Amino acid sequence: MRDDEIRSMVEKILDQMLNTSAAPEPKRSEVIQTTAEALKKKEIPADSGECLEDITKTDLRRQLLVKDPADAEGYLDMKARTPARLGIGKAGARYRTATMLRVRADHAAAQDAVFSDVSEEFIKKCGFVFVKTLCKDKDEYLTRPDLGRRFPADELEVIRKTCGSHPKVLVIVGDGLSSSAIEANVEDMIPAIRQGLQMHQITLPPVLFIKYARVGAMDAVGEVTDTDVICMLVGERPGLVTAESMSAYIAYKPKHGLAEAKRTVISNIHKGGTTAVEAGAHAAELIVKMLEKKASGIDLK
């Protein structure tokens with residue numbers, strides 16, 4: 001069988017698996033007939049540039065792969081309340097092909113989020129000021145977390161010039177462990193923070209973008225600027241549910257050696273969790289409260 005014939009057959013079978021949802025599995029004779037029909041279709045040239053449908057676009061909460069469920073509506077209602085992989089069905093003692101392909105696709109998306117970089121075009125479009133930690137590349141960032149919390153002298157000078165001396169509030173963005181999370185959320189969250197702070201006559205200096213950033217990088221920024229409150233938006237470690245989850249770490253007068261318990265965190269910021277606009281409004285409220293109480297984390301009452 002030629003490669004283009006195999007490609008056409010696989011596309012047809014995948015399309016059926018993704019669109020049948022809770023429908024009964026076809027009989028073997030029907031599968032054979034469908035496969036034969038696929039081979040008769042006009043073949044797609046290998047160099048056409050066409051590719052298979054992105055299966056990660058399927059909403060798992062609406063997909064039911066259990067054959068002949070006793071209560072399909074109840075199953076779907078349960079699935080709608082959790083991102084867990086329920087109702088995935090089985091093929092003998094194994095997972096169904098559609099389930100295995102989706103797990104592998106989600107795992108690949110998570111890896112891409114970790115190992116890819118936030119694009120330069122995105123940084124320029126948002127008007128961020130670019131700085132970089134001591135990490136020289138992604139591998140060093142992953143293996144040396146300590147270097148992701150510190151900056152070389154020339155980068156510290158850029159931070160001083162950008163933020164000024166003793167600003168009341170800073171918003172900074174760090175790529176963290178998910179570039180996808182940054183590109184998916186910050187454009188909606190930062191304007192919501194600005195709007196919330198403007199109601200209290202608080203303006204923000206230009207936003208820093210920190211490449212190869214760990215959360216502790218905010219302490220180094222606080223050290224050189226003597227900022228009252230810093231809100232750091234950073235990509236979370238991606239999982240199989242989403243690769244676009246971001247967190248906001250907010251601290252009062254962060255300095256080197258700040259205990260983690262002194263940071264206030266808004267986590268799971270993504271379209272399936274806390275939306276970016278909602279998180280931005282909440283972050284603005286927390287920042288104002290920290291300025292009033294002069295505290296953050298567990299000290300914030």
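Predicted, not measured: the structure shown is a model, and the values here were computed from it.
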Minimum heavy-atom distance K262-L258, with the two atoms named: CB-CD1, 3.5 Å
Looking only at heavy atoms, the pair that brings Y249 and R263 closest together is CD2-CD, 4.0 Å
Pair E121-K124, salt bridge (charged side-chain N to carboxylate O under 4.0 Å, His left out): steps then yes or no: CA-CA 5 Å; E121 292 76 13; K124 291 177 181 178; over 6 Å; no
H200 side chain vs I202 backbone, donor-acceptor pair below 3.5 Å: no
ILVMFWY cluster, V224 and V169 together (side-chain gap under 4.5 Å): no
Answer yes or no: is there a side-chain heavy-atom contact under 4.5 Å between T225 and P167? yes
Rounded to the nearest 0.5 Å, what separation is found between the CG atom of L204 and the CG atom of L197? 5.5 Å
Here the pair of heavy atoms bringing G87 nearest to V66 is CA-CG2, 3.6 Å
What do the steps show when you test V288 against E285 for side-chain contact (heavy atoms from CB on, under 4.5 Å), and what is the final call? CA-CA 5 Å; V288 171; E285 292 176 358; 6.0 Å; no
What are the two closest heavy atoms between L134 and E140, and how far apart are they? O-OE1, 3.8 Å
So, for A192 and A281, which heavy atoms are closest and what is the spacing to 0.1 Å? CB-N, 4.0 Å
Minimum heavy-atom separation for F122 to I182, with atom names? CZ-O, 3.8 Å
State plainly whether one hydrophobic cluster holds both M246 and L170, where clusters connect Ile, Leu, Val, Met, Phe, Trp and Tyr through side-chain heavy atoms under 4.5 angstrom apart. no
Would a hydrophobic clustering, with Ile, Leu, Val, Met, Phe, Trp and Tyr connected at side-chain separations under 4.5 Å, put I172 with V265? yes
Quick check for you: to the nearest 0.5 Å, what is the distance between R144 atom CZ and L142 atom CG? 13.0 Å
Stepwise side-chain contact (heavy atoms from CB on, under 4.5 Å) check, K253 with D228: CA-CA 5 Å; K253 288 193 174 296; D228 287 337; 2.9 Å; yes
Between T264 and S296, is there a donor-acceptor pair closer than 3.5 Å when you use the side chain of the first and the backbone of the second? no
Are any of the side-chain heavy atoms of D146 and R214 separated by less than 4.5 Å? no
Could you check whether any side-chain N or O of T227 sits under 3.5 Å from a backbone N or O of I230, counting only pairs where one atom can act as donor and the other as acceptor? no
Looking at NZ of K168 and CD of Q201, how far apart are the two atoms once the value is rounded to the nearest 0.5 Å? 9.5 Å
Among S178, S180, S179, side-chain hydrogen bond (donor to acceptor under 3.5 Å, both in side chains) partner for S116: S179
Non-hydrogen side-chain atoms of L147 and K136 separated by less than 4.5 Å: no
Between V173 and V118, is any pair of side-chain heavy atoms under 4.5 Å apart? no
Please check if the number of heavy atoms outside R104 that lie under 6.0 Å from its CZ is greater than 12. no
Indicate yes or no: at least one non-hydrogen side-chain atom of E73 is less than 4.5 angstrom from one of D71. yes
For side-chain contact (heavy atoms from CB on, under 4.5 Å), just list the numbers for S245 and H270, CA-CA rounded to whole Å, side-chain angles, deciding distance to a tenth of an Å, and then say yes or no. CA-CA 5 Å; S245 185; H270 58 92; 3.5 Å; yes
I'd like to know if D299 pairs up with K293 as an ion pair, taking the criterion as any Lys NZ or Arg NE/NH1/NH2 lying under 4.0 Å from an Asp or Glu carboxylate oxygen. no
Run the numbers on R102 and L65 for side-chain contact (heavy atoms from CB on, under 4.5 Å), then give the verdict. CA-CA 12 Å; R102 180 58 187 266; L65 298 175; over 6 Å; no
Is there a path from I210 to M189 through hydrophobic residues (I, L, V, M, F, W, Y) whose side chains come within less than 4.5 Å of each other? no
Is there side-chain contact between K289 and L300, with at least one heavy-atom pair below 4.5 Å? yes
Set out, in order, the CA-CA distance, both residues' side-chain angles and the distance that settles salt bridge (charged side-chain N to carboxylate O under 4.0 Å, His left out) for D219 and R149, then state yes or no. CA-CA 8 Å; D219 300 342; R149 303 184 185 105; over 6 Å; no
Please determine whether the number of non-hydrogen atoms from other residues, nucleotides or ligands lying under 6.0 Å from atom NZ of K255 exceeds 12. yes
Checking the side chain of E155 only, and the main-chain atoms of V131 only, is there a donor and an acceptor separated by less than 3.5 Å? no
Could you state the interatomic distance from NE2 (H282) to CD1 (I287), rounded to the nearest 0.5 Å? 10.5 Å
Let me confirm one number: the CE-CG distance from M232 to L208, rounded to the nearest 0.5 Å. 10.0 Å
Look at the rings of F209 and F128 and say which category their plane angle falls in: under 30° parallel, 30 to 60° tilted, over 60° perpendicular. parallel
Spell out, as yes or no, whether a donor-acceptor pair under 3.5 Å connects the side chain of K79 to the backbone of Q63. yes
So, the side chain of D175 versus the backbone of A213: is there a donor-acceptor pair under 3.5 Å, distance only? yes
Linking I/L/V/M/F/W/Y whenever their side-chain heavy atoms sit closer than 4.5 Å, directly or via other members, would V207 and V129 fall into one cluster? no
Has Y141 got a side-chain atom pairing as donor or acceptor with G176's backbone, closer than 3.5 angstrom? yes
Please report the interatomic distance CD(E157) to CZ(F151), rounded to the nearest 0.5 Å. 13.5 Å
Flag if over 12 foreign heavy atoms under 6.0 Å of NE2, H256: yes
Would you check if the side chain of K211 reaches a backbone N or O of K132 as a donor-acceptor pair within less than 3.5 Å? no
Whichever hydrophobic residues join M100 through chains of side-chain contacts under 4.5 Å: I88, Y95
Does T274 use its side chain to pair, donor to acceptor, with the backbone of I269 at less than 3.5 Å? no
Is a side-chain donor or acceptor of T133 paired with a backbone partner of Y212 at a separation under 3.5 angstrom? yes
Summary of salt bridge (charged side-chain N to carboxylate O under 4.0 Å, His left out) pairs that have at least one residue in residues 179-205, sequence neighbours excluded: K125-E187
